[in-house]
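Below is one structure; the comments refer to it alone.
Within every chain, numbering begins at 1; the chains are lettered A, B, ... in the order of the sequence lines, protein sequences first and strands thereafter.
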Amino acid sequence: MVSREDAFAFRAAVLDLYEREGRDFPWRRTADPWAVFVSEIMLQQTQTARVEPKYLAWMERFPDAEALACVDLATLYDAWRGLGYNSRALRLRESARICAELYGGIPPRDERLLLELPGVGRYTARAVLAFAYGVPSPFLETNIRAALIFHFFRGADKVPDRDLETVAAAVLDRDDPRTWYYALMDYGAWLKRREPNPSRRASAYSTQKRFEGSLRQARGAVLRALSAGAGYGTRGRGLADMAAELGMEYGRVKDAAEGLRRDGLVRIEGDTVRFSD
DNA sequence: GTCCCGAGGT
DNA sequence: ACCTCGGGAC
């Protein structure tokens with residue numbers, strides 16, 4: 001599928017661009033496995049520009065797994081707020097507790113054990129191995145898909161991840177996977193500013209429903225209201241008060257709260273809702 | 001409207 | 001194979 005010559009030329013082009021226009025991020029300036037782990041959780045479906053200030057503040061406040069393990073959910077959400085996909089914060093704290101308990105606060109250098117941590121899937125496990133430990137293995141995310149599809153799947157559509165991962169393995173620089181993946185991601189990000197997003201031709205690609213008026217928007221509103229110190233869950237103030245004060249329909253607030261409860265973020269007793277711890 | 005260094009659940 | 005999960009920059 002990919003000849004050695006193709007792989008060599010592609011690597012050279014990608015690394016050349018990286019030398020000239022590679023991006024610099026705070027999580028690339030550390031090899032601390034816990035810091036790398038935090039950054040990869042934050043970066044799941046979240047732009048680098050949005051993550052950067054949050055990451056810096058987060059690591060200042062919770063420098064290691066032990067520091068994060070004992071934080072209450074209200075504090076946790078307050079620090080996470082703005083990153084979106086708020087269940088990630090809960091999973092990150094749980095991963096911190098597991099790492100502190102079992103691994104001395106250090107994410108394990110083992111794919112199978114990493115995958116046992118909540119919030120860690122195929123991408124994150126291998127990204128942590130590469131960026132924290134220099135262990136090479138093929139993995140995909142949106143920028144990598146863009147780069148590989150643009151170069152190796154001209155004119156193709158609905159390119160399956162299985163094929164992309166085969167190519168990712170063929171072009172992988174096993175001597176320095178850390179630099180390689182920084183360069184490959186930067187190349188994909190660079191490409192997207194010049195071409196119609198090639199990752200749209202990946203089978204993994206999908207659009208999402210509009211945010212305005214969605215349940216996820218309501219969930220965000222409920223969490224913000226909870227953290228605002230408005231006293232919900234106390235003095236008999238509950239979902240009905242929240243709905244009135246947010247100017248939202250009661251049923252919508254109730255549905256949002258129920259979703260948050262299923263995700264373990266809040267507890268609901270009767271009409272009152274509060275953070276789950 | 002489009003995008004984001006995906007994961008977990010069904 | 002499908003769905004849901006945030007929120008802001010552009």
Side-chain angles (χ1 to χ4, degrees), chain A residues 18 22-28 36-55 77 80-92 94-95 114-132 138-148 158 160-162 164-165 168 177-193 195-200 202-224 227 255-266:
Chain A
Y18 182 60
R23 300 175 297 178
D24 181 30
F25 296 115
W27 49 87
R28 292 184 177 183
V36 170
F37 187 86
V38 170
S39 74
E40 288 303 336
I41 299 296
M42 288 186 171
L43 286 161
Q44 290 167 359
Q45 287 286 285
T46 308
Q47 292 95 332
T48 55
R50 185 196 300 261
V51 169
E52 186 158 356
K54 291 289 181 180
Y55 167 83
Y77 170 71
W80 189 268
R81 183 173 177 171
L83 284 171
Y85 293 129
N86 302 301
S87 301
R88 288 185 296 169
L90 192 59
R91 297 193 191 115
L92 179 56
E94 183 55 25
S95 283
L114 284 169
L115 286 169
E116 289 178 3
L117 298 173
V120 176
R122 292 168 52 81
Y123 164 79
T124 304
R126 294 188 172 190
V128 167
L129 285 178
F131 296 136
F139 58 82
L140 304 171
E141 48 72 67
T142 183
N143 294 315
I144 296 174
R145 288 192 183 94
L148 299 183
K158 295 187 182 354
D161 274 356
R162 180 169 36 81
L164 288 169
E165 198 167 304
R178 185 172 170 134
T179 302
W180 169 246
Y181 277 116
Y182 290 160
L184 184 56
M185 290 171 161
D186 289 4
Y187 182 69
W190 176 85
L191 203 54
K192 287 180 185 174
R193 284 181 258 119
E195 302 284 336
N197 187 355
S199 72
R200 299 180 74 163
S203 69
Y205 177 84
S206 69
T207 55
Q208 71 180 26
K209 289 189 296 191
R210 70 182 278 113
F211 181 65
E212 195 63 31
S214 67
L215 187 60
R216 63 207 300 180
Q217 182 185 43
R219 290 168 50 118
V222 168
L223 284 180
R224 279 194 297 280
S227 81
D255 288 346
E258 177 55 30
L260 293 168
R261 187 198 61 74
R262 272 202 312 276
D263 286 350
L265 286 164
V266 305

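Taking atom CD1 on A:Ile41 and atom C1' on B:dG8, their separation rounds to 12 Å, with Å as the unit. Distance, A:Phe37 CZ to B:dC5 C1': 15 Å, rounded to whole Å. Spacing between atom NZ of A:Lys54 and atom P of B:dC5 amounts to 16 Å, rounded to whole angstrom units. Here the C1' atom of nucleotide B:dC5 and the CZ atom of A:Arg145 are 10 Å apart, to the nearest Å. At whole-Å resolution of the value, CG in A:Asp161 and P in B:dA7 are 11 Å apart. With rounding to whole Å, A:Leu92 atom CG is found 17 Å from C:dG6 atom C1'. Taking atom CG on A:Leu215 and atom C1' on C:dC3, their separation rounds to 13 Å, with Å as the unit. Atom NZ of A:Lys158 and atom P of C:dA1 are 13 Å apart (whole Å).
Between the side chain of A:Arg88 and the base of B:dG6, no donor-acceptor pair under 3.5 Å is found. The base of C:dG6 has none of its N or O atoms less than 3.5 Å from a complementary donor or acceptor on the side chain of A:Ser214. Scanning atom types as modelled, no donor and acceptor separated by under 3.5 angstrom connect the side chain of A:Gln45 and the base of C:dG7.
Using a 4.0 Å heavy-atom criterion, one finds that A:Trp27 contacts the bases of the nucleic acid, with or without backbone contacts as well. Heavy atoms of A:Ser87 sit nowhere under 4.0 angstrom from any nucleic acid atom. Counting non-hydrogen atoms under 4.0 angstrom, A:Gln47 reaches a base of the nucleic acid. At a threshold of 4.0 angstrom between heavy atoms, the contacts of A:Phe25 include nucleobase atoms, whether or not backbone atoms are also involved.
Atom P of B:dA7 sits at a distance of 23 Å from the matching atom of C:dG8, rounded to the whole Å. C:dG6 and B:dC3 have their C1' atoms separated by 13 Å, given to the nearest Å.
Going from atom CG of A:Asp255 over to atom CZ of A:Arg219 covers 11.5 Å, rounded to the nearest 0.5 Å.
Of the possible donor and acceptor atoms, one in the side chain of A:Arg88 sits under 3.5 Å from a partner among the backbone N and O of A:Ile41. Between the side chain of A:Gln44 and the backbone N or O of A:Gly119, at least one donor-acceptor pair lies under 3.5 Å.
Between A:Met185 and A:Arg210, it is A:Arg210 whose nearest contact on DNA chain B lies nearer the 5' terminus.
Picking from B:dC3, C:dG7, B:dC5 the nucleotide with the shortest atom distance to the side chain of A:Arg50 gives C:dG7. For A:Tyr85, the side-chain atoms get nearest to C:dG6 when compared with the rest of C:dG7, C:dG6, B:dC5. If you check C:dC5, B:dC5, B:dC3 against the side chain of A:Glu141, the one that comes closest is B:dC5. When distances run from any side-chain atom of A:Arg200 to the nucleotides C:dG6, B:dC5, B:dC3, the shortest one goes to B:dC3.
Regarding contacts with the backbone of B:dC3, a side-chain N or O of A:Asn197 is found under 4.0 angstrom from either OP1 or OP2. An OP1 or OP2 oxygen of C:dG7 is reached within less than 4.0 angstrom by no side-chain nitrogen or oxygen of A:Arg216.
Across all strands shown, C:dC3 forms a Watson-Crick or G-U wobble pair, both distances under 3.5 Å, with B:dG8.
The aromatic rings of A:Phe131 and A:Tyr181 stand perpendicular to each other, their planes meeting at an angle above 60°, with 30° marking the opposite boundary.
Near DNA chain C, meaning a heavy atom under 4.0 Å from it, residues 120-131 of chain A has no residue at all.
Using a 4.0 Å cut-off between charged nitrogen and carboxylate oxygen, A:Asp161 and A:Arg122 do not count as a salt-bridge pair. Using a cut-off of 4.0 Å between Lys/Arg side-chain N and Asp/Glu carboxylate O, A:Arg23 and A:Glu52 are scored as not salt-bridged. A salt bridge links A:Glu258 and A:Arg261; the closest N-O separation between the charged side-chain nitrogens and carboxylate oxygens is under 4.0 Å.
Considering only heavy atoms from C-beta on, A:Ser214 stays 4.5 Å or farther from A:Lys209 through its side chain. Looking at heavy atoms from C-beta onward, A:Asn143 lies out of side-chain contact with A:Leu184 at the 4.5 angstrom threshold.
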